[in-house]
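For the single chain, residues carry numbers from 1 onward in sequence order. The figures here come from the full heavy-atom set of this structure, side chains too, leaving out hydrogens, waters and symmetry mates.
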Amino acid sequence: MAQGTLYIVSAPSGAGKSSLIQALLKTQPLYDTQVSVSHTTRDIRPGEVAGEHYYFVSKDEFRTMIAENAFLEYAEVFGNYYGTSRQAIEQVLSTGVDVFLDIDWQGAQQIRHQMPEARSIFVLPPSKDELDRRLRGRGQDSEDIIEKRMAKAVDEMSHYAEYDYLIVNDDFDLALSDLKTIIRAERLRIRRQTARHDALISKLLAH
């Protein structure tokens with residue numbers, strides 16, 4: 001069976017990467033594509049489902065997993081830990097399913113170091129003005145917070161060249177089409193196609 005591909009997707013807040021991933025998943029069957037579910041030590045929020053949105057664990061459990069090298073990457077954010085389980089990712093990939101991981105550039109660097117065969121995609125907004133408009137459109141942040149988010153976005157965007165693919169999310173439908181094209185091209189790579197069509201190739205080459 002062909003091994004699935006791990007896709008790392010990064011973007012500044014407001015560029016639309018989460019919306020793109022969710023839209024992509026709606027067009028793909030579960031046996032083809034899934035999104036990675038991270039572990040976290042933060043409390044479960046109303047409407048969240050354990051095992052679907054996050055795996056919720058205690059800080060002691062998380063630290064034990066760190067000690068056991070159980071994470072492909074992890075980070076501490078505002079006093080809570082977030083991490084990507086190596087076993088969970090490898091288990092899904094082994095069934096031939098592609099996995100999408102929505103993560104920042106620092107986490108992407110950690111994962112690329114451990115899984116160089118992963119593919120990475122960076123999503124850019126069409127302009128700083130549009131990014132500012134999208135951040136303000138949420139209507140939930142103060143001016144100070146928006147300025148901090150913009151500064152963080154510029155820092156995030158400066159790492160775009162570390163990625164395999166670049167998508168500019170100006171027109172959402174076009175950006176989604178670009179994302180689908182990347183997946184399609186990766187699935188047509190010789191390694192995936194050879195594993196998928198092994199029996200056919202053997203027959204075609206038989207003397």
Side-chain angles (χ1 to χ4, degrees), residues 2-40 52-55 62 65-66 69-77 80-125 131 149 152-169 172 174-189 191-192:
Q3 179 89 351
T5 300
L6 176 62
Y7 291 96
I8 303 162
V9 186
S10 303
S13 179
K17 73 177 182 300
S18 298
S19 299
L20 281 170
I21 293 170
Q22 291 307 315
L24 174 77
L25 292 177
K26 286 176 183 173
T27 70
Q28 307 279 316
L30 267 178
Y31 59 77
D32 264 354
T33 315
Q34 292 180 25
V35 69
S36 169
V37 179
S38 300
H39 284 66
T40 184
E52 182 181 325
H53 296 93
Y54 284 98
Y55 296 111
F62 200 101
M65 291 179 75
I66 292 173
N69 197 30
F71 293 112
L72 281 173
E73 62 78 36
Y74 71 90
E76 187 177 359
V77 183
N80 283 307
Y81 287 109
Y82 296 82
T84 303
S85 161
R86 181 194 311 275
Q87 183 183 7
I89 294 282
E90 289 178 348
Q91 195 171 345
V92 178
L93 293 177
S94 70
T95 65
V97 174
D98 291 333
V99 179
F100 274 79
L101 188 54
D102 178 345
I103 203 163
D104 69 7
W105 68 269
Q106 289 163 306
Q109 283 185 343
Q110 291 181 54
I111 290 178
R112 267 194 298 262
H113 180 67
Q114 297 187 66
M115 294 186 73
E117 68 277 14
R119 291 288 172 262
S120 55
I121 304 163
F122 200 93
V123 181
L124 285 174
L131 186 62
R149 285 187 183 278
K152 188 172 185 292
V154 172
D155 178 55
E156 185 92 23
M157 290 187 291
S158 71
H159 293 273
Y160 80 93
E162 298 169 15
Y163 289 70
D164 299 312
Y165 296 98
L166 183 65
I167 293 175
V168 177
N169 186 12
F172 186 83
L174 182 58
L176 179 58
S177 176
D178 287 344
L179 188 55
K180 288 179 183 175
T181 300
I182 291 168
I183 312 310
R184 187 82 188 124
E186 287 293 334
R187 287 178 180 168
L188 291 172
R189 277 179 175 262
R191 174 181 58 85
R192 292 283 292 265

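- Distance CD1/Ile111 to CG/Leu101: 4.5 Å, rounded to 0.5 Å.
- For Asp104, the side-chain hydrogen bond (donor to acceptor under 3.5 Å, both in side chains) test picks out no residue, with sequence neighbours left out.
- In this structure, CG on Leu166 lies 9.0 Å from CD1 on Ile182, to the nearest 0.5 angstrom.
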**OP:** Kindly determine whether Glu73 and Gln114 satisfy side chain to side chain contact (heavy atoms under 4.5 Å, CB included), including the steps that lead there.
**Re:** CA-CA 9 Å; Glu73 62 78 36; Gln114 297 187 66; 5.7 Å; no
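- For the atom pair His39 NE2 and Ile66 CD1, the distance stands at 11.5 Å (nearest 0.5 Å).
- Side-chain contact annotation: Ser85 with Tyr55, donor-acceptor N/O pair under 3.5 Å absent.
- Summarising the geometry of Leu179 relative to Leu20, their closest heavy-atom pair is CD2-O, 4.0 Å, with the distance given to 0.1 Å.
- Of all heavy-atom pairs between Ser10 and Lys17, the closest is C-CD, 3.8 Å.
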**OP:** Report the C-alpha distance between Ser158 and Asp155 in whole Å, list the side-chain angles of each, state the deciding distance to 0.1 Å, and finish with yes or no for side chain to side chain contact (heavy atoms under 4.5 Å, CB included).
**Re:** CA-CA 5 Å; Ser158 71; Asp155 178 55; 4.2 Å; yes
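- The salt bridge (Lys or Arg N to Asp or Glu O under 4.0 Å) analysis of residues 89-98, with sequence neighbours excluded, yields the pairs Asp98-Arg187, Asp98-Arg192.
- Aromatic ring orientation, Phe62 versus Phe71: parallel (interplanar angle below 30°, classes split at 30° and 60°).
- In this structure Asn80 satisfies the side-chain hydrogen bond (donor to acceptor under 3.5 Å, both in side chains) test together with Thr41, sequence neighbours excluded.
- Between the side chain of Asn169 and the backbone N or O of Ala15 there is at least one donor-acceptor pair closer than 3.5 Å.
- Tyr165 OH: more than 12 foreign heavy atoms inside a 6.0 Å radius.
- Note that OG1 of Thr33 is 6.0 Å distant from CG of Leu24, once rounded to the nearest 0.5 Å.
- With a 6.0 Å radius and a threshold of 12 heavy atoms from other residues, nucleotides or ligands, Gln87 has its CD atom at or below the threshold.
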Could you pull out every donor-acceptor pair under 3.5 Å between side chains of residues 116-123 and any protein atom, sequence neighbours left out?
{"from": "Arg119", "atom 1": "NE", "to": "Glu186", "atom 2": "OE1", "distance (Å)": "3.2"}
{"from": "Arg119", "atom 1": "NE", "to": "Glu186", "atom 2": "OE2", "distance (Å)": "3.1"}
{"from": "Ser120", "atom 1": "OG", "to": "Arg112", "atom 2": "NH1", "distance (Å)": "3.3"}
{"from": "Ser120", "atom 1": "OG", "to": "Asp164", "atom 2": "N", "distance (Å)": "3.1"}
{"from": "Ser120", "atom 1": "OG", "to": "Asp164", "atom 2": "OD2", "distance (Å)": "3.3"}

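- How far CG of Asp178 is from NZ of Lys180: 11.0 Å, rounded to the nearest 0.5 Å.
- The heavy-atom pair separating Leu131 from Gly14 by the smallest distance is CD1-C, 3.6 Å.
- Residue pairs that meet the ring pair (Phe, Tyr, Trp, His ring centres under 6.0 Å) test with at least one member in residues 85-108, sequence neighbours left out, are Tyr7-Phe100, Trp105-His159.
- Counting all heavy atoms, side chain and backbone alike, Met157 lies closest to Pro125 at SD-CD, 3.7 Å.
- The structure places CD of Gln109 at 11.0 Å from CD1 of Ile103, a figure rounded to the nearest 0.5 Å.
- Residues satisfying the salt bridge (Lys or Arg N to Asp or Glu O under 4.0 Å) criterion with Arg86, sequence neighbours excluded, are absent altogether.
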